[in-house]
Enquirer: 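This structure is in structure tokens; I'll ask about it shortly.
When a ligand or atom number is given, it counts from 1 through the structure's own listing order.
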Amino acid sequence: MEPIKIIQDCDPGHDDAIAILLAGRNPRIQQLGITVVAGNQTLDRTTVNALNVCQYLGLDVPVYAGCDRPMIRDKVTAGDIHGKTGLDGPDFAPLTRQAEKKHAVSYLIDTLMASDGDIMLLPTGPLTNIGMAMRLEPRIVPKIKRIVLMGGSFSYGNVSPAAEFNIMADADAAHVVFSSGCPITMVGLDVTRKVLCLPSAVERMAKIDNPAGRLFTDLMRFFNKTQKEVFGWEGGPLHDPVTIASILDPDLLKTQPMHTEIDIRSVQSYGRTNCDVFGYLKKEPNVDVAVDIDVPRFWDIIEQGIRNYA
Ligand code: RIB
Ligand code: CA
């Protein structure tokens, strides 16, 4: 079976880092490139974080820095969860890897336009890079096989009662992407909140004596410390790797097609993914929304992903 070609667009971020780890060294996935966006931390930090993860794991994947701010709204970050660097916890060796010279948006456009339409985009941060690429070169839309994104929620948010961070951090870009007509799988909080990285999960992976096991453990011990401080939770939701896990096992998620629009107008619900769960609007569904996840299977996929690093 041909490996699945992917480009990960991310804002590392602890859970983004695990998504990069899970995709790396996996014979079923061809990581064409990693594009980076501002989100959990500023672009300079998320770029360094992506490079540090690739260097630590020995992943020879090109990293492209993208947009350092949202399309229209003011920039927001999530330092309270991911720490000052955006990837606090591990002690990385001096960084020798460098980002590519090409801008992430140009890389996305050039790569997709030259492709046979067989590349999946896996965004796990604000959608600024993807939205900008679609606006700059609309012809990429039919070239994208599918977008499997972490973001949104058909229930409640995590940065406001209504909105989830990735969408709210650049709701205009999310509007461009969700209204593009591209096939989309939305991996929202409704399922990612079911994969809490409890201390038992950390200890399970800590038993794997390789660089990936060590990186997972160092990252998740910090991540859980802040989740406890901020939310009072024993373990933080491992949001972003669910995107990768879902393409490795198509039966992992239960999805439901829903007409979904991004609220870019209101104040209270700004950045909400308005998913028409019951089809009230009689509008054509444009998103496959994840509504459930096989939690034990997810953790088995994470364990296997770590074991792939000899
Ligand atoms: O709301 C969770 C999402 O926001 C995750 O992708 C996390 O990394 C942050 O980007
Ligand atoms: Ca993220």
Enquirer: When you measure from the side chain of Glu137 to the backbone of Ile140, do you find a donor-acceptor pair of N or O atoms at a distance under 3.5 Å?
Expert: no
Enquirer: If we ignore angles and hydrogens, is there a donor and acceptor under 3.5 Å between the side chains of Asp11 and Thr46?
Expert: no
Enquirer: Check each heavy atom of Val159 against ligand 1 and say whether those closer than 4.0 Å belong to the side chain, the backbone, both or neither.
Expert: neither
Enquirer: Identify, by atom number and element, the atoms of ligand 1 in contact range of Phe165, meaning under 4.0 Å from any of its heavy atoms.
Expert: 1 (O), 4 (O), 9 (C), 10 (O)
Enquirer: Does one hydrophobic cluster hold both Met71 and Val159, with members joined at side-chain heavy-atom distances below 4.5 Å?
Expert: no
Enquirer: Step by step, work out the side chain to side chain donor-acceptor pair (under 3.5 Å) result for Asn308 and Gln304.
Expert: CA-CA 6 Å; Asn308 284 341; Gln304 185 51 57; 3.0 Å; yes
Enquirer: With atoms numbered from 1 as shown, which atoms in ligand 1 lie under 4.0 angstrom from a non-hydrogen atom of Glu164?
Expert: 1 (O), 2 (C), 3 (C), 4 (O)
Enquirer: Which of the numbered atoms in ligand 1 are below 4.0 angstrom from a heavy atom of Asp15?
Expert: 5 (C), 6 (O), 7 (C), 8 (O)
Enquirer: Keeping the roles fixed (side chain from Gln41, backbone from Lys84), state whether a donor-acceptor pair exists under 3.5 Å.
Expert: yes
Enquirer: Applying side chain to side chain contact (heavy atoms under 4.5 Å, CB included) between Pro123 and each of Ile7, Asn129, Asp9, report the one that passes.
Expert: Asp9
Enquirer: Which atom, among the N/O/S set of Asp240, is closest to the Ca ion (ligand 2)?
Expert: OD2
Enquirer: Should you measure from each heavy atom of Asn40, which atoms of ligand 1 turn up under 4.0 Å away?
Expert: 7 (C), 8 (O), 9 (C), 10 (O)
Enquirer: When you measure from atom 6 (O) of ligand 1 to every protein heavy atom, which one gives the shortest distance, and what is it?
Expert: Asp240 OD1, 2.6 Å
Enquirer: Verify the distance test for Asp15 against the Ca ion (ligand 2): any N/O/S atom under 3.0 Å, yes or no.
Expert: no
Enquirer: At less than 4.0 angstrom from any non-hydrogen atom of Thr124, what atoms of ligand 1 do you find?
Expert: 6 (O), 10 (O)
Enquirer: I'd like to know if the Ca ion (ligand 2) has an N/O/S atom from Asn166 within less than 3.0 Å of it, counting both backbone and side-chain atoms.
Expert: no
Enquirer: If we set the cut-off at 4.0 Å for heavy atoms, which region of Thr192 has an atom near ligand 1: side chain, backbone, both, or neither?
Expert: neither
Enquirer: Between Ile302 and Leu22, does the side-chain contact (heavy atoms from CB on, under 4.5 Å) criterion hold? Intermediate values first, please.
Expert: CA-CA 7 Å; Ile302 292 289; Leu22 185 57; 4.0 Å; yes
Enquirer: State the atoms of ligand 1, each with its element, that fall below the 4.0 Å cut-off from a heavy-atom position in His239.
Expert: 2 (C)
Enquirer: Quick check: does Asn166 get an N/O under 3.5 Å from an N/O on ligand 1?
Expert: yes
Enquirer: Are the side chain of Arg146 and the backbone of Ile184 linked by a donor-acceptor contact shorter than 3.5 Å?
Expert: yes
Enquirer: For Glu284, does its backbone N or O pair with a side-chain atom of His259 as donor and acceptor, under 3.5 Å?
Expert: yes
Enquirer: With the Ca ion (ligand 2) as the reference point, give the N/O/S atom of Asp11 that is nearest.
Expert: OD1
